[in-house]
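Here is how names work: the chains are called A, B, and so on, in the same order as the sequence lines, proteins then strands, and each is numbered from 1. As the structure is a prediction and not an experimental result, all values here were calculated from the model.
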2 protein chains.
Amino acid sequence: MATISDVAFRAGVSTATVSRAFNGKSTVDPALAERVFRAATELDYRPNSLARNLRRQATTVLALIVPDVENPYFTAVARGVEDCALSAGYSVVLCNSDGDPDKERRYVDVALQERMAGVVLSPTAAGVGVTALRERRTPVVVVDRMPPDAAVDQVSVDGRTAACEATTHLLAEGYRRIACLAGPNGGTAAHDRLDGFRDALRTSGRGDGGGLGWQADGHGASGALQAARRFLADDEPPDAVLATDSATAIGVLEAMAERGLLAGRDVGVVAFDDGPWGRVLDPALSVVVQPARRIGSEAAGLLLQRIAEPERPAERIVLDATLTVRGSSRRG
Amino acid sequence: MATISDVAFRAGVSTATVSRAFNGKSTVDPALAERVFRAATELDYRPNSLARNLRRQATTVLALIVPDVENPYFTAVARGVEDCALSAGYSVVLCNSDGDPDKERRYVDVALQERMAGVVLSPTAAGVGVTALRERRTPVVVVDRMPPDAAVDQVSVDGRTAACEATTHLLAEGYRRIACLAGPNGGTAAHDRLDGFRDALRTSGRGDGGGLGWQADGHGASGALQAARRFLADDEPPDAVLATDSATAIGVLEAMAERGLLAGRDVGVVAFDDGPWGRVLDPALSVVVQPARRIGSEAAGLLLQRIAEPERPAERIVLDATLTVRGSSRRG
DNA sequence: CTGAAAGCGCTAACAA
DNA sequence: TTGTTAGCGCTTTCAG
């Protein structure tokens with residue numbers, strides 16, 4: 001592959017001039033620049049980012065580490081991060097922690113070793129990777145789940161209020177035994193939602209606010225299915241359920257189908273996260289919509305700010321989720 | 001950040017020894033190695049991959065460029081690539097071309113500039129990025145859509161046969177006016193499926209095999225929705241449809257719901273790609289299942305082989321898709 | 001088995 | 001405005 005000196009030689013200038021031309025420095029004679037670019041195209045030259053970054057001590061790649069790329073919520077977040085990063089000249093690499101702290105650590109190490117400019121992280125367990133990053137002074141912004149203490153940039157969604165609102169809605173529709181089903185790797189996000197669920201029960205004066213909290217048996221819809229089968233087989237099964245993510249919701253719906261239970265009429269269902277398929281169900285799925293893409297772009301924005309100005313105080317952006325009521329949570 | 005010389009100094013050895021220790025070279029006195037590692041942990045040293053890669057002229061990062069990260073099919077492929085790559089010590093960066101040749105080129109350039117070890121590419125248009133990569137002798141394997149000529153490693157699915165089988169099944173169920181609806185960025189994959197669809201019509205002696213080919217108006221379910229609205233409003237609307245991907249299927253289902261049409265009974269539906277939500281529909285969605293994750297791991301395997309042995313002849317792996325019949329394509 | 005030294009391709013002072 | 005030069009942090013001959 002052609003190097004900067006090949007280009008310099010062919011254009012009859014020094015490597016410094018080539019470098020300046022390629023970096024758009026003002027101080028380059030247009031005629032020379034022209035020659036440089038001609039030589040470069042003739043040689044099909046591509047600057048070697050490795051060398052450049054080594055010299056500059058800075059890269060322009062951002063990492064986004066999420067617990068599950070197959071969760072549409074996170075892919076939407078990824079799009080948001082991309083939107084913002086690309087237009088600022090950064091590229092984004094998407095990494096999958098699988099909800100496993102070890103894998104998270106591994107990717108954090110990769111980011112560190114590659115000297116990436118910063119990372120957007122949706123942490124698996126409290127602060128495993130975040131602290132590592134912060135110790136090494138690598139800019140990081142936390143998305144979605146939050147170690148409550150850390151002075152770290154964050155963008156999150158007020159899931160507690162949203163869960164409360166959803167539960168209140170279910171109560172208002174006349175459902176009485178409401179369960180909340182969470183996925184297996186309950187981060188603080190899931191926790192928040194459970195809190196909101198309990199808030200609603202307490203406020204309504206129904207019991208001590210303990211509510212019926214369930215956790216899926218394993219990853220994805222199948223884990224949720226098993227849990228749902230179990231609680232639907234109970235003597236006094238719930239008559240409504242709040243699912244904390246899409247996969248969980250699908251498990252619940254499957255379990256209901258097995259017993260011939262219809263959403264809305266028999267069991268009220270509200271789920272976090274909206275997917276295009278929610279509307280083709282009959283009845284359509286009531287959802288709590290999180291502004292996923294926006295979360296991503298805000299996070300990237302915060303990260304870019306911190307990269308530019310490492311000492312600025314930590315900031316937290318809290319976005320609202322909105323309840324969209326459809327048939328699955330209406331009795332009628 | 002601590003560098004190799006900091007570690008060398010602290011351990012009282014040369015940088016060469018540190019390097020050797022970290023790279024697990026046999027020829028290092030255990031006692032020295034011990035000292036090196038102690039010093040390294042004390043300093044919290046992380047090797048700088050930039051420097052290492054610059055020196056070695058080789059990275060251990062793979063790029064995976066797909067047209068749409070929000071399509072579950074591609075995230076599944078990504079998991080497959082990851083499975084294989086991670087266990088071989090490579091990391092994977094996921095890039096989104098959005099079906100746009102320009103974005104694809106941009107990411108190909110990033111891969112080139114970063115001197116990535118290789119790329120798995122699901123091309124948007126015929127060969128835009130592939131040729132660029134091949135000219136620069138960067139290992140590449142094409143997934144899913146294939147410029148038929150190029151001598152390039154590929155892993156694909158026999159979509160033509162699968163589409164033919166699906167269409168034949170629809171015919172056998174008694175549907176007579178079958179449409180095939182494709183997404184907006186029809187790669188060769190969509191093309192194949194349309195071909196298979198036509199094969200089936202021709203074989204069955206129904207018309208000239210031209211069939212009813214439709215293309216979605218735009219990206220995602222909404223684009224498909226508009227197209228589906230149009231053909232359902234036809235004088236002689238189709239009585240079955242083969243959708244070439246999930247998003248398209250959702251658009252069709254939505255359009256059907258608007259007109260009160262029930263899948264199976266009124267309009268037979270088969271879609272490419274299986275998602276967990278297909279089973280919670282009533283009737284459940286008949287699908288053509290592609291071994292997405294497998295595709296990814298095979299592709300990564302091929303890529304690794306080519307990296308190891310650049311001159312080996314190009315290989316093509318063709319995987320089968322399987323038809324899973326559920327209620328949406330059964331009249332009864 | 002270990003160290004000295006060269007150099008990967010690029011950028012940024014510093015001179016001219 | 002341009003060239004010269006000294007590294008960025010690491011690996012890898014080549015001697016010892």
Side-chain angles (χ1 to χ4, degrees), chain A residues 1-37 39-40 43-61 89 109-117 136 138, chain B residues 1-37 39-40 43-61 89 109-117 136 138:
Chain A
M1 260 196 189
T3 74
I4 198 173
S5 16
D6 298 330
V7 177
F9 178 78
R10 189 171 239 267
V13 299
S14 74
T15 60
T17 301
V18 177
S19 171
R20 282 191 278 255
F22 264 83
N23 291 293
K25 301 284 186 194
S26 44
T27 61
V28 181
D29 186 301
L32 277 198
E34 167 59 24
R35 260 166 49 207
V36 168
F37 290 127
L43 295 167
D44 198 15
Y45 166 72
R46 311 288 164 112
N48 182 329
S49 321
L50 265 55
R52 160 189 300 211
N53 294 333
L54 174 58
R55 174 61 228 232
R56 284 211 182 139
Q57 298 287 60
T59 64
T60 58
V61 3
D109 275 342
V110 171
L112 249 18
Q113 296 200 175
E114 303 283 345
R115 302 298 193 265
M116 291 185 185
R136 314 310 300 285
T138 296
Chain B
M1 263 194 186
T3 73
I4 198 174
S5 16
D6 298 330
V7 177
F9 179 78
R10 190 170 238 264
V13 299
S14 73
T15 59
T17 301
V18 177
S19 171
R20 284 192 274 256
F22 264 83
N23 291 292
K25 301 286 186 194
S26 44
T27 61
V28 181
D29 186 302
L32 277 198
E34 167 58 24
R35 265 174 37 215
V36 167
F37 290 127
L43 294 168
D44 198 15
Y45 165 72
R46 311 289 165 110
N48 182 329
S49 323
L50 264 56
R52 161 189 299 212
N53 294 334
L54 174 58
R55 174 62 228 229
R56 284 212 181 138
Q57 298 285 61
T59 63
T60 59
V61 179
D109 275 341
V110 170
L112 251 16
Q113 297 199 173
E114 304 283 345
R115 302 298 193 266
M116 292 184 183
R136 314 310 300 287
T138 296

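- Of the possible polar contacts, one joining the B/Arg136 side chain to the A/Asp44 backbone as a donor-acceptor pair under 3.5 Å is found.
- For the pair A/Asn23 (side chain) and A/Lys25 (backbone), a donor-acceptor distance under 3.5 Å is absent.
- Taking the C1' atoms of five terminal pairs at each end of the helix from C/dC1-D/dG16 to C/dA16-D/dT1, the two resulting helix axes are inclined by 40°, rounded to 10°.
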(message) Can you build the contact string for nucleotides 11-16 of chain D? Use B for base contact, S for sugar-phosphate-only contact, and - for no protein heavy atom under 4.0 Å.
(response) BB----
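- Note on A/Thr27: every side-chain N or O is 4.0 Å or more away from OP1 and OP2 of D/dT1.
- Atom OG1 of A/Thr60 is separated from atom CD of B/Gln113 by 8.5 Å, given to the nearest 0.5 angstrom.
- Along DNA chain C, the nucleotide closest to B/Val13 and the one closest to B/Gln57 are compared, and the more 5′ of them pairs with B/Val13.
- Atom CE of residue B/Met116 and atom OG of residue A/Ser49 lie 8.5 Å apart, to the nearest 0.5 angstrom.
- For the atom pair B/Arg35 CZ and B/Thr17 OG1, the distance stands at 9.5 Å (nearest 0.5 Å).
- A/Leu32 comes within contact range of the sugar-phosphate backbone alone, with a heavy-atom separation under 4.0 Å but no base atom that close.
- In this structure a side-chain-to-backbone donor-acceptor pair under 3.5 Å is missing from B/Thr15 to B/Ile4.
- Counting non-hydrogen atoms of neighbouring residues, nucleotides and ligands closer than 6.0 angstrom, the CZ atom of A/Phe9 reaches no more than 12 such neighbours.
- Extent of DNA chain C lying under 4.0 Å from chain A heavy atoms, first and last nucleotide in 5' to 3' order, is C/dG9 to C/dA13.
- Side-chain atoms of A/Val13 and A/Val18, non-hydrogen and from C-beta on, do get closer than 4.5 Å to each other.
- Going from atom CD of B/Glu114 over to atom CG of A/Asn53 covers 6.0 Å, rounded to the nearest 0.5 Å.
- Protein atom CG of A/Asn53 is 15 Å distant from nucleotide atom P of D/dC10, rounded to whole Å.
- Here CG of A/Leu112 is found 4.5 Å from OG1 of A/Thr138. Values are rounded to the nearest 0.5 Å.
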